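Bear in mind that the values here come from a model prediction, so they are computed numbers and not experimental data.
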Amino acid sequence: MDPLKYIFQKPMPTGKLAKWQILLSEFDIVYVTQKAVKGQALVDHLAENPVGGEYEPLKTYFPDKEVSFVGEDIVEAYDGWRMFFDGAANFKGVSTEAILVLEIGQHYPVSVKLIFPCNNNMAEYEAYILGLNLAADMNIQELLVISDSDLLLHQVQGEWATKNTKILPYLYHVQDMM
């Protein structure tokens, strides 16, 4: 047995996958699976459509808006400033966004497309820092932070240990900002 013979063998696609692969090979199209969607649609939209000048509410229709927030109505539960943030990294790049919401419902969105490679957790920290910087620029002293990243929130609150050495500088920076 030649050991090199087995290193270069790949499983052959069968059925519909093989048919599509043959048909699409003519056009140099490569199929890549998407790892995470999360809030990527909103992040991409805000990054590609920055708000300039006076604030105007978004007029884009998001069909799944009823599932974007699950839980109690936070307007009644908290009457101060709120910050929502999200970051996502995928094959298209890295996008971050944060939205500060005034107690009367006024929204202040900010978004950034990052040009350096990072993972999803790093993108979440970048989004958090982006929102904190906006809050500091607006001289906001108290802020309710809302995120889908349990990891980040528990690390910042000191409840979970941070083992990833790439995340530690982000954590230290956030703690200094707070």
Chemist: Please round to the nearest 0.5 Å and tell me the distance separating atom CD1 of Ile140 and atom CZ of Arg82.
Modeler: 11.5 Å
Chemist: At what distance, to the nearest 0.5 angstrom, does CG of Leu132 lie from CG of Asp137?
Modeler: 11.0 Å
Chemist: Kindly give the cluster partners of Ile115, where membership spreads through any ILVMFWY side chain lying under 4.5 Å from a current member.
Modeler: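 Noted: Ile115 shares its cluster with no other residue.
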Chemist: Measuring only between side-chain heavy atoms, which start at C-beta, is Trp81 closer than 4.5 Å to Leu100?
Modeler: yes
Chemist: Side chain to side chain contact (heavy atoms under 4.5 Å, CB included) between Ile129 and Val174: does it pass, once the steps are laid out?
Modeler: CA-CA 7 Å; Ile129 292 168; Val174 166; 3.6 Å; yes
Chemist: At their closest point, which heavy atom of Leu130 faces which heavy atom of Ser111, and how far apart are they?
Modeler: CD2-CA, 4.1 Å
Chemist: At what distance, to the nearest 0.5 angstrom, does CD of Glu124 lie from CG of Asp86?
Modeler: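 So the CD of Glu124 and the CG of Asp86 are separated by 5.0 Å.
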Chemist: Yes or no on side chain to side chain contact (heavy atoms under 4.5 Å, CB included) for Phe85 and Leu134, after CA distance, side-chain angles and deciding distance?
Modeler: CA-CA 12 Å; Phe85 68 92; Leu134 180 61; over 6 Å; no
Chemist: Rounded to the nearest 0.5 Å, how far apart are CE of Met122 and OG1 of Thr96?
Modeler: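 Spacing of CE (Met122) from OG1 (Thr96) equals 12.5 Å.
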Chemist: Once side-chain hydrogen bond (donor to acceptor under 3.5 Å, both in side chains) is applied, what residue pairs with a partner in residues 159-170 remain, sequence neighbours excluded?
Modeler: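 Matches after skipping sequence neighbours: Glu126-Tyr170, His154-Glu159.
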Chemist: Residues in side-chain hydrogen bond (donor to acceptor under 3.5 Å, both in side chains) with Tyr125, at least two apart?
Modeler: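 By the side-chain hydrogen bond (donor to acceptor under 3.5 Å, both in side chains) rule, Tyr125 matches Gln155.
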Chemist: Please round to the nearest 0.5 Å and tell me the distance separating atom CE of Met178 and atom OH of Tyr128.
Modeler: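 One gets 4.5 Å once the value is rounded to the nearest 0.5 Å.
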Chemist: To the closest 0.5 Å, what do you measure between CG (Leu152) and CG (Leu171)?
Modeler: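 Rounded to the nearest 0.5 Å, the CG-CG separation comes to 8.5 Å.
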Chemist: Please walk me through it: do Gln106 and Val101 pass side chain to side chain contact (heavy atoms under 4.5 Å, CB included)?
Modeler: CA-CA 6 Å; Gln106 182 74 31; Val101 182; over 6 Å; no
Chemist: Quick one: closest heavy-atom pair of Ala127 and Ala98, and the distance?
Modeler: O-CB, 3.9 Å
Chemist: Mind checking side-chain hydrogen bond (donor to acceptor under 3.5 Å, both in side chains) for Asp150 and listing every partner two or more places apart, or none if nothing turns up?
Modeler: none
